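Data first, discussion second: the structure below is written as structure tokens.
Just so it is clear: chains get the letters A, B, ... in the order the sequence lines come, proteins before strands, and each one is counted from 1. As the structure is a computational prediction, the values presented were derived from the model and not from experiment.
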2 protein chains.
Amino acid sequence: MAAATPDAPGAAPVPGSPAWWADRPEPRGAPRRGRPALDTDHIIATALRLVDEHGAQAFSLRMLADALGSGTATLYRHFASKDEILAHLVDRVLGEVDLSDLDALATWQEVLAAMAHRFYGALRRHPNAVPPLMAQVPVGPNGLAQRERVLHALLDRGVPVGLAARAFTAIGHYVIGFTAQQHGPTVASPDAAPQLASFYRRLDPTAYPAITRAAATLTSVPLIEEFRFGLDLLITGLERHAPRTPAPAGP
Amino acid sequence: MAAATPDAPGAAPVPGSPAWWADRPEPRGAPRRGRPALDTDHIIATALRLVDEHGAQAFSLRMLADALGSGTATLYRHFASKDEILAHLVDRVLGEVDLSDLDALATWQEVLAAMAHRFYGALRRHPNAVPPLMAQVPVGPNGLAQRERVLHALLDRGVPVGLAARAFTAIGHYVIGFTAQQHGPTVASPDAAPQLASFYRRLDPTAYPAITRAAATLTSVPLIEEFRFGLDLLITGLERHAPRTPAPAGP
DNA sequence: ACCTGAACACCGTTCAAGT
DNA sequence: ACCTGAACACCGTTCAAGT
């Protein structure tokens with residue numbers, strides 16, 4: 001029957017899910033048992049490097065153990081499963097997003113644009129980490145810290161609390177969807193965009209008149225411009241719900 | 001070096017990529033060799049049923065072969081790899097989206113909203129198929145047919161061709177991102193939304209004041225409303241670029 | 001000529017045997 | 001007490017041997 005209903009009462013929480021992260025009391029550092037031979041951070045950093053280099057599909061625990069000069073069994077002294085390692089890896093990517101200077105921005109529009117662009121940048125630096133990242137709401141320690149910072153900055157600039165949360169969610173979903181489709185591992189060549197455009201242009205115009213017409217018009221739009229277009233739609237849409245005036249900047 | 005750069009010149013195209021679909025001349029039917037014992041459509045339909053029931057991770061070729069009363073080697077007479085099967089499976093899900101009555105809608109806004117809701121509905125019916133779906137731009141026969149229909153309906157209602165293509169892309173990315181985060185297999189319990197909300201609410205208010213405040217306010221917003229909110233942002237944002245007037249309905 | 005059992009080289013995970 | 005080699009039950013894929 002229902003096979004893929006994780007976090008069912010009684011069952012062990014799925015790694016990366018809210019319930020799973022909630023069971024992990026130590027947000028940072030603090031090895032779990034004694035003093036292990038391998039540093040937890042080092043394992044995750046190595047795993048991320050391997051995923052970057054070889055792709056999430058080719059990444060295996062044997063490969064990771066080899067890179068660490070260790071055996072696969074040793075990894076299980078630090079993590080309960082491969083999925084746990086991937087959950088930490090995803091949170092590590094989110095940790096690369098630097099939102100420390102959000103206070104310097106005058107308007108909530110700028111805050112949302114900065115958040116979107118920097119989140120987008122981190123995902124572009126780790127396209128092979130996108131599939132594991134998409135599979136979960138990012139509620140690890142770094143994901144929570146980013147969410148807190150952005151919501152705080154929005155509230156500070158007079159955005160109503162309900163709107164702030166919805167804006168964060170909507171823009172987050174857009175960034176994830178955009179990156180998945182345009183920079184996922186299946187399309188992760190540097191020239192993915194022109195490739196896709198020329199694919200559309202070469203279709204039979206009789207069978208696909210509208211697609212080929214659009215492709216002929218939209219010849220070589222840089223991806224970053226396409227990204228900005230959708231982002232602007234969301235932000236201008238939000239302006240109908242929220243004040244346009246920037247809050248007085250606190251000292 | 002560059003490990004995950006598919007569709008490189010000379011290399012075989014990655015299943016599901018534009019280049020791969022372009023090599024598949026027969027959009028529908030027509031078995032490839034003689035008269036095979038297994039129907040291609042039947043294989044894909046069975047594969048989708050198994051993915052629905054057991055999840056994409058548990059789905060294996062042995063499981064598929066068993067369900068078909070056959071052996072794994074037989075599957076390779078119809079498809080070159082598991083990825084090929086998944087690419088067809090994804091296109092089959094897109095084939096469930098019914099856009100045949102788009103002509104009855106008066107405005108381009110309604111066209112985009114209908115497309116988003118029906119695409120969203122198909123993904124919700126197959127949450128376990130979302131991970132393979134996200135990994136690729138959907139350019140299989142069914143994906144192309146949907147794209148053509150929507151673009152045609154938008155052009156018919158006076159939307160400029162460049163804007164139509166960008167609107168389709170932006171809304172498609174939003175739907176994909178929303179579904180991945182809210183209905184992916186990791187969070188695919190029926191009560192995922194309240195679960196996530198209560199997770200936020202139980203966080204330490206000292207460490208995460210903005211998150212807990214937002215969670216307390218946004219108690220139990222139905223997911224469909226959250227979906228509509230982001231969609232409305234995009235559509236109202238688009239209205240600044242396009243005419244508001246519906247085109248005269250053709251007979 | 002078409003099909004497929006059985007093998008191949010892997011995989012994540014476990015555990016008994018080592019130190 | 002801690003670590004880990006070697007095994008376990010799988011996996012996607014191949015191919016020689018069957019009909």
Check your understanding: Partners of B/Asp83 by side chain to side chain donor-acceptor pair (under 3.5 Å), sequence neighbours excluded?
Key -> none
Point to revise | All ring-ring contact (aromatic ring centres under 6.0 Å, His included) counterparts of A/Phe227, not counting sequence neighbours | key: A/His117, A/Tyr120, A/Tyr174, A/Phe178
**Study point:** For B/Arg125, all residues meeting salt bridge (charged side-chain N to carboxylate O under 4.0 Å, His left out), sequence neighbours excluded
**Key:** B/Glu96
Point to revise | From NE2 (A/His126) to CZ (A/Arg49), nearest 0.5 Å | key: 12.5 Å
Check your understanding: Tell me, for nucleotides 7-19 of chain D in 5' to 3' order, what letter each nucleotide earns: B for a base near a protein heavy atom under 4.0 Å, S for only sugar-phosphate near one, - for neither?
Key -> B---BBBBB----
Study note, to complete from the structure: B/Arg166 meets the side chain to side chain contact (heavy atoms under 4.5 Å, CB included) criterion, sequence neighbours left out, with A/Leu218, A/Val221, A/Glu225, A/Glu226, A/Phe229
Check your understanding: So what's the dot-bracket for DNA chain D: Watson-Crick or G-U pairs under 3.5 Å, [ ] if a pair crosses, | if it pairs off-strand?
Key -> ||.|||||...|||||.||
Point to revise | Residues in side chain to side chain donor-acceptor pair (under 3.5 Å) contact with A/Asp98, at least two apart in sequence or another chain | key: A/Ser100
Review point. Listed by chain and number, what are the ring-ring contact (aromatic ring centres under 6.0 Å, His included) partners of B/Tyr200, not counting sequence neighbours?
Key: none
Practice item. Pick the P atom in C/dC10 and in C/dA6, then give their distance to the nearest Å. Key: 23 Å
Check your understanding: Pairs in or reaching into residues 114-123 of chain A: which pass salt bridge (charged side-chain N to carboxylate O under 4.0 Å, His left out), with residues at least two apart or in two chains?
Key -> A/Asp101-A/Arg118
